[in-house]
There are 2 protein chains.
Amino acid sequence: MANIHEVAKQAGVSSATVSRVLNNTSSVTEKTRQKVEQAIKELNYEPSMLGRNLRNSESRLLLVLIPNFSNPYYTEIINGIEDFSVERGYNILLCETDSNPTRENTFFNMVKNKLADGIISMDPTINMAKLQELAKKHSIVLCSEYDELERIPYVAIDNEAAAYKVMKHLIRLGHENIALINSDEKFLYARQRRKGYERALKEFDLPLRKEYIYNTNNLDFQGGAQAMRKLLQLDEIPTAAFAVSDTLAIGALKELNVKGMDVPDAFALVGFDNISFSNMTNPTLTTVAQPMYQMGIAAANMLIDQLQGKPVDSVMLEHELIIRESTLN
Amino acid sequence: MANIHEVAKQAGVSSATVSRVLNNTSSVTEKTRQKVEQAIKELNYEPSMLGRNLRNSESRLLLVLIPNFSNPYYTEIINGIEDFSVERGYNILLCETDSNPTRENTFFNMVKNKLADGIISMDPTINMAKLQELAKKHSIVLCSEYDELERIPYVAIDNEAAAYKVMKHLIRLGHENIALINSDEKFLYARQRRKGYERALKEFDLPLRKEYIYNTNNLDFQGGAQAMRKLLQLDEIPTAAFAVSDTLAIGALKELNVKGMDVPDAFALVGFDNISFSNMTNPTLTTVAQPMYQMGIAAANMLIDQLQGKPVDSVMLEHELIIRESTLN
DNA sequence: TATTTGTATGAAATCGTTTACAATTAAATG
DNA sequence: CATTTAATTGTAAACGATTTCATACAAATA
């Protein structure tokens with residue numbers, strides 16, 4: 001309620017001095033510092049961020065764009081972003097785009113409006129052209145999904161290598177008919193994972209069968225279940241599948257359970273992301289772990305560095321194949 | 001980049017007039033309006049929220065407090081809050097407290113600092129005393145968990161009735177030895193659900209057995225698995241269990257699977273919350289659905305009304321028992 | 001035409017900070 | 001003691017909007 005001038009009056013100093021005490025930006029006598037701190041306590045003063053932000057023309061707010069809250073894939077990344085940002089005195093605003101251009105525009109406007117300082121986008125459906133445009137004047141970092149043109153710095157993993165590793169694992173277990181449950185290939189990661197899938201087939205002299213590749217635009221459980229339903233209707237049913245996300249894999253697993261197919265004996269299954277549920281299914285799910293938390297840290301670090309005018313470079317982090325029951329023996 | 005004065009200059013009017021055009025707060029000649037709009041376009045002007053917020057002394061930012069991002073329970077509620085708030089021109093800041101008092105303080109300070117206008121708290125571990133204190137000067141709404149003293153308005157469901165309904169369902173299926181996997185009873189909802197559990201037992205003349213009540217302070221899958229492990233070690237193993245959250249129930253289910261107990265034939269299981277995963281487990285999980293989205297809407301509505309000086313009343317919404325495979329026949 | 005009414009606009013204060021610059025005081029030097 | 005130097009503090013101008021109040025002008029009335 002009280003403002004800086006009242007505090008100054010109470011302490012018998014100028015508002016400039018109070019400000020100096022608040023930010024210890026230049027030296028202040030111990031005696032005056034005490035007077036000021038006393039006054040602050042007496043008046044129960046809390047500096048207004050509104051005034052400060054206007055003066056400094058920054059909001060210390062970072063936007064984190066995700067397609068929707070309910071996707072557990074993002075949670076650990078967000079934790080990383082949050083921890084790092086808070087550490088540096090920034091807050092994050094989680095923005096659900098719902099892949100809706102209007103929504104997206106709202107968020108872009110927030111940074112134009114100075115309501116937010118920068119953006120970390122994890123939304124693969126985002127309008128890259130507009131984002132590039134925004135990036136000319138504002139700080140932006142891509143996380144997980146990125147732009148091949150590479151004007152905007154990003155943090156990601158090597159999707160192709162990860163997919164290749166998954167396939168190699170399945171092939172070594174003796175599988176020759178391996179399906180790919182992929183998302184829409186308008187997404188870069190989808191194209192990259194498919195590349196890894198195909199490279200492995202080629203290297204091990206296995207045929208590439210078009211009917212074993214299923215692209216879904218529904219990335220939730222239902223999408224996975226539906227994909228598996230289709231695969232199980234094929235003349236020659238595959239003996240294994242690689243789903244590009246755990247949610248898809250869990251949906252597929254549900255369908256396999258329904259159809260009475262034993263996993264892993266009759267059918268092996270691999271997911272991607274290592275969401276916490278992947279260790280709770282029956283059987284537990286083999287999956288690829290991305291260093292989520294680290295990715296979050298890195299993205300936040302890059303964005304804040306960028307805001308402070310430091311040069312930043314894109315980074316590629318390591319992934320790990322986690323073998324569980326769904327691909328045992 | 002351009003500010004309101006430059007626009008005014010460009011249009012040959014005063015900044016007051018530009019502001020009037022921006023907010024159409026009082027009448028402006030069609031001719032001047034056109035001039036102004038033209039200038040806005042030419043200069044690519046976007047009004048600064050920082051200036052506006054300072055002047056209006058509001059941030060149009062609402063804080064939503066949750067214990068942690070990874071709990072899927074909250075997602076639908078958040079969607080409701082988000083949708084309603086955005087509709088009314090507010091943004092929401094998702095705040096993960098991690099049940100950490102320091103974090104909590106940071107968020108409280110944000111509203112004292114005018115960086116946020118109000119709070120919707122869904123964190124059962126929150127410091128109620130401090131929150132009450134804050135509520136004297138600021139707008140606050142509780143969602144899902146609330147305070148019996150009832151100074152702060154809340155939106156919730158009738159937990160006791162819901163628990164009672166679950167128990168009645170299990171008892172009708174012929175179960176007599178029913179365990180309760182509860183969370184820590186320092187939480188109001190935990191006490192209320194236990195009350196419902198006990199009332200049902202009493203009404204159906206079943207004994208209340210202390211060893212059938214397991215309190216966990218670990219609300220994730222692990223907590224549920226551990227609880228079930230303990231229950232399966234009892235001399236007289238229960239034939240059914242009611243877990244106060246789906247995550248607990250899914251952990252318990254995992255443990256039952258591991259031990260080779262068939263669900264529902266050897267053991268019936270009920271959860272709470274109807275998170276999306278509850279329909280993907282094998283078998284699918286009987287659970288209690290809260291009107292999550294509606295709760296979010298209601299909470300946001302109450303908070304914004306409060307901010308605008310309108311009087312608000314607490315509300316109690318309806319729940320629903322969703323019967324699935326885990327309690328079939 | 002003189003007067004009243006109403007509408008459209010502008011000048012300037014305001015919101016609460018920070019900070020460049022000026023001014024004061026204290027300490028150090030010759 | 002006079003003078004230079006350094007350390008503290010104060011004054012006042014930003015930051016970018018909104019809004020009260022006053023004023024100018026047009027239209028309506030007598």
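If you're wondering where the values come from, they're calculated on a predicted model, not measured in any experiment. Note on naming: letters A, B, ... go to the chains in the order of the sequence lines (proteins, then strands), and numbering restarts at 1 for each one.
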Next on the checklist: Just checking B:E318: does its CD atom have more than 12 heavy atoms from other residues, nucleotides or ligands closer to it than 6.0 angstrom?
Outcome noted: no

Next on the checklist: Would you say that more than 12 heavy atoms from the other residues, nucleotides or ligands in this model lie under 6.0 Å from the CD of B:Q34, or not?
Outcome noted: yes

Checklist entry - Taking five pairs at each end of the helix from C:dT1-D:dA30 to C:dG30-D:dC1, what angle separates the two helix axes (nearest 10°)? => result 50°

Distance alone, cut at 3.5 Å: any donor-acceptor contact between the side chains of [X] and [Y]?
X: A:Y73; Y: A:S144; result: yes
X: A:S121; Y: A:D123; result: no
X: B:Y293; Y: B:D83; result: yes
X: B:S59; Y: B:N53; result: no
X: B:N79; Y: B:E76; result: yes
X: B:S183; Y: B:Y189; result: yes
X: A:Q308; Y: A:D305; result: no

Have a look at [X] and say if it touches a base, only the backbone sugar-phosphate, or nothing, with a 4.0 Å heavy-atom cut-off.
X: B:N53; answer: nothing
X: A:V13; answer: sugar-phosphate
X: B:T25; answer: nothing
X: A:E46; answer: sugar-phosphate
X: A:I4; answer: base

Checklist entry - According to a strict under-4.0 Å criterion, is B:S19 in side-chain N/O contact with OP1 or OP2 of D:dA17? => result no

Checklist entry - Distance check: side-chain N/O of A:S15 vs OP1/OP2 of D:dG10, anything under 4.0 Å? => result no

Next on the checklist: Between B:R55 and B:V28, which residue's closest nucleotide on DNA chain C lies nearer the 5′ terminus?
Outcome noted: B:V28

Checklist entry - Hey, which of these two, B:L54 or B:G12, hits DNA chain C nearer its 5' end, going by closest nucleotide? => result B:G12

If I take atom [atom1] in residue [X] and atom [atom2] in nucleotide [N], what distance separates them, rounded to the nearest angstrom?
X: B:N3; N: D:dT18; atom1: CG; atom2: C1'; result: 14 Å
X: A:N24; N: D:dT8; atom1: CG; atom2: P; result: 13 Å
X: B:H5; N: D:dT18; atom1: NE2; atom2: P; result: 11 Å
X: A:N56; N: D:dG16; atom1: CG; atom2: C1'; result: 14 Å
X: A:R60; N: D:dC15; atom1: CZ; atom2: P; result: 20 Å
X: B:E58; N: D:dA17; atom1: CD; atom2: P; result: 15 Å
X: B:R52; N: D:dC15; atom1: CZ; atom2: P; result: 18 Å

Item to check | Candidate list B:L134, B:I119, B:I152, B:L303, test side chain to side chain contact (heavy atoms under 4.5 Å, CB included), partner B:S139, passing option | outcome: B:L303

Checklist outcome for this item: Side-chain contact check for A:S14: nearest option of D:dT11, D:dT18, D:dA17 is D:dT11

Checklist outcome for this item: Students should find that the nucleotides of DNA chain C closing off the region near chain A, any atom under 4.0 angstrom from a heavy atom, are C:dG16 to C:dT19

